[in-house]
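In what follows, chains are A, B, ... by sequence order, proteins preceding strands, each numbered from 1. Model, not experiment: these values are computed from the prediction.
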Protein chains: 2
Amino acid sequence: MDFRPIQAKKIYEEVVEQIRQLMENGSLKPGDKLLSERELAEKLQVSRASVREALRALEMMGFVEIKAGGGTFIKETSGDDIIQPLAMFLSIEKGSFFEIYEIRKIFEIAAAHLAAQRATPGDLARIEENLERMKAAMTEDDSEKGEGSDAAFHFSIAEATQNGWLLRLLNTIADSFNKSISVARRQLYLTPGHPQLLIEQHTKIYEAIRDKNPILAQKTMLEHLSFAEGAMAKTLKIEPEFQLLT
Amino acid sequence: MDFRPIQAKKIYEEVVEQIRQLMENGSLKPGDKLLSERELAEKLQVSRASVREALRALEMMGFVEIKAGGGTFIKETSGDDIIQPLAMFLSIEKGSFFEIYEIRKIFEIAAAHLAAQRATPGDLARIEENLERMKAAMTEDDSEKGEGSDAAFHFSIAEATQNGWLLRLLNTIADSFNKSISVARRQLYLTPGHPQLLIEQHTKIYEAIRDKNPILAQKTMLEHLSFAEGAMAKTLKIEPEFQLLT
DNA sequence: TAAATGTTAATGGTAAGACCACTGATCTTT
DNA sequence: AAAGATCAGTGGTCTTACCATTAACATTTA
């Protein structure tokens, strides 16, 4: 006998799929108001609970925005929300430290390269400003300000790539990363001599971008990240398995 | 008067947060069975519907697996599921073609570089096998087989990086990409002379990886992707804004 | 005894109905 | 015309109920 198993697809998945298709073919554009939960339930011949579970899923993925008392709207997909599950994952998963850090390195190196090619005068000014804030933080011995302007420095480089997607992806990874290893990161700034080293490295990166030298920019960025990786790995008492892009 | 707004957090979000914390601090390990929906509802003093919405969200993000009639289990987070929202987004978003393709290029170039450093003999054999299948497909004039082995070739390179996260992210982007531009991709293989060019490029990439030359591997990969980008852009009648990593 | 079979309690899946708080537009009053 | 009150509609939540599936247990059978 040659029977095929009967597929018992969950209702909410079908609802998600129908809405997804409407978004894909353009019937539902960002800003559009969706039918109310009650109307959807009636049209699809399902319970309101099923509709709500589908909308919950779409909300989690950042495709719709649900306003209590107002209605449900197709969201202008910025991309930030799509990445939320990734951020949550990083807060839980500890094992794949170096795999993820490697991806961050790939992004940052590429960002430095592209920034050297495309940075506008405004971009350059922002990068330099963050570098100066770092230096000031060091003389003031303000490690918190130092970390903040460090992150801002990297952010402004990603901005200078003119690639919004690269900016968002890199930020998500970097943010989640900095949170999950905040201890090691703090140590990075409290070790004698390290702040000066870090500022030297950042200065070199900035100069390479300013001089529109993509190769040097990516090289200095790699050196900086590898140094930070090694220092943090020492604090965390784990050994990096690979050495990227040497 | 200095009042702080009373924040009406949605109940399901609080449920998600509580479970997330239990996962983060290790109280809930992969494989563990969660309390039943009814028990959770009673313990948390909320309705079963709210518990279900929270579990739906966790399921969408790939953190739990829900078996009808069986129970809810903490999932061994493979990472594939975390990326699902990204895949769904790519199927909808059409505008940022070159931004996304640039990210793909960044990944593929890095993958080629790392593969040249880390490929095992087994990896190399797989890469070569896919290359041979491409050649065979060309002589047989089987464009479908050609596209398939092309994708497999790139996949096997990503595999050789030994970085599971890079593999998953790259696959998600590449898959969504190939689907959304299937027309242009087909044209890429039907244009006279192109198959031969593509095979030459792939051969160069393979040889660079085989010879453990990361710089050359990344250079040949870049040339290949830039060529494909230009050809597809011509079919789609759009002009690339940037030229990456030249 | 051990395997196959039947039973049953627990679980997730779905539905229906109800009530609340909030939103936004309309209507009323000033 | 502006301010306030009204009200229908919406999402948020809870309750109850029943179904289909699962898995453990009890029973039967060879």
Side-chain angles (χ1 to χ4, degrees), chain A residues 1 3-19 22-23 28-76 81, chain B residues 3-20 22-23 28-76 81:
Chain A
M1 310 286 275
F3 285 107
R4 281 174 295 102
I6 293 176
Q7 175 77 0
K9 211 172 194 179
K10 286 168 207 158
I11 287 186
Y12 91 94
E13 287 180 341
E14 291 213 46
V15 178
V16 167
E17 182 56 20
Q18 284 207 32
I19 295 177
L22 289 177
M23 290 172 65
L28 285 175
K29 280 179 284 294
D32 283 0
K33 184 174 179 179
L34 216 54
L35 291 174
S36 77
E37 296 180 351
R38 291 169 179 82
E39 287 174 309
L40 273 177
E42 196 180 355
K43 283 214 176 191
L44 297 170
Q45 291 289 302
V46 299
S47 77
R48 202 182 144 206
S50 297
V51 172
R52 281 183 61 79
E53 291 187 11
L55 294 180
R56 266 289 102 77
L58 289 167
E59 185 193 25
M60 284 309 287
M61 297 192 291
F63 290 104
V64 301
E65 185 171 10
I66 303 179
K67 289 181 184 172
T72 304
F73 302 84
I74 304 296
K75 204 166 177 181
E76 185 70 52
D81 321 88
Chain B
F3 284 108
R4 281 175 297 104
I6 294 178
Q7 142 210 27
K9 212 174 194 178
K10 285 168 206 156
I11 286 186
Y12 91 94
E13 287 180 339
E14 291 215 45
V15 178
V16 167
E17 182 58 19
Q18 284 206 32
I19 295 178
R20 190 192 71 79
L22 289 178
M23 290 172 65
L28 286 174
K29 280 179 287 292
D32 283 1
K33 184 176 179 179
L34 218 54
L35 267 59
S36 77
E37 297 180 349
R38 291 170 179 83
E39 287 173 309
L40 273 177
E42 196 181 354
K43 282 215 175 189
L44 298 170
Q45 291 288 302
V46 298
S47 78
R48 204 184 140 204
S50 297
V51 171
R52 282 184 60 78
E53 291 189 13
L55 294 180
R56 266 288 100 81
L58 288 168
E59 186 194 23
M60 283 309 289
M61 297 192 290
F63 290 104
V64 301
E65 184 171 10
I66 303 180
K67 289 181 185 172
T72 304
F73 302 84
I74 305 296
K75 204 168 178 180
E76 184 71 53
D81 320 88

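To the nearest 0.5 angstrom, A/L44 atom CG is 11.5 Å from A/E39 atom CD. Taken from CE in B/M23 to CD1 in B/I74, the straight-line distance is 5.0 Å, to the nearest 0.5 Å. The OG1 atom of B/T72 lies 15.5 Å from the CZ atom of B/F63; values are rounded to the nearest 0.5 Å.
One can place CD of A/E65 at 15 Å from C1' of C/dC22, the figure rounded to the nearest angstrom. Note: CG (B/L40) to P (C/dA10) measures 17 Å, nearest angstrom. Taking atom CD on B/E59 and atom P on C/dG12, their separation rounds to 12 Å, with Å as the unit. A straight line from CG of B/L58 to C1' of C/dG12 spans 15 Å, rounded to a whole angstrom. Between B/I11 atom CD1 and C/dC19 atom P there is a gap of 19 Å when expressed in whole angstrom units. Whole-Å rounding puts the B/Q45 CD to D/dT15 C1' distance at 14 Å.
Of the side-chain N and O atoms in B/S50, none sit less than 4.0 angstrom from OP1 or OP2 of D/dG12. Phosphate contact (OP1/OP2 of C/dA15, side-chain N/O of A/S47, threshold under 4.0 Å): present.
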Exercise. What is the per-nucleotide protein-contact pattern of nucleotides 5-11 of chain D, from the 5' end, where B denotes a base atom under 4.0 Å from a protein heavy atom, S denotes such proximity for sugar-phosphate atoms only, and - denotes neither?
Worked result: ----BBB
Problem set entry | side chain to side chain contact (heavy atoms under 4.5 Å, CB included) evaluation trace for B/L34 with B/L55 | CA-CA 10 Å; B/L34 218 54; B/L55 294 180; 3.9 Å; yes
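Of all heavy-atom pairs spanning B/I11 and B/V46, the tightest one is CG2-CG1, 3.6 Å.
Taking a 6.0 Å sphere around CD of B/E42, one finds it holds 12 or fewer heavy atoms contributed by other residues, nucleotides or ligands.
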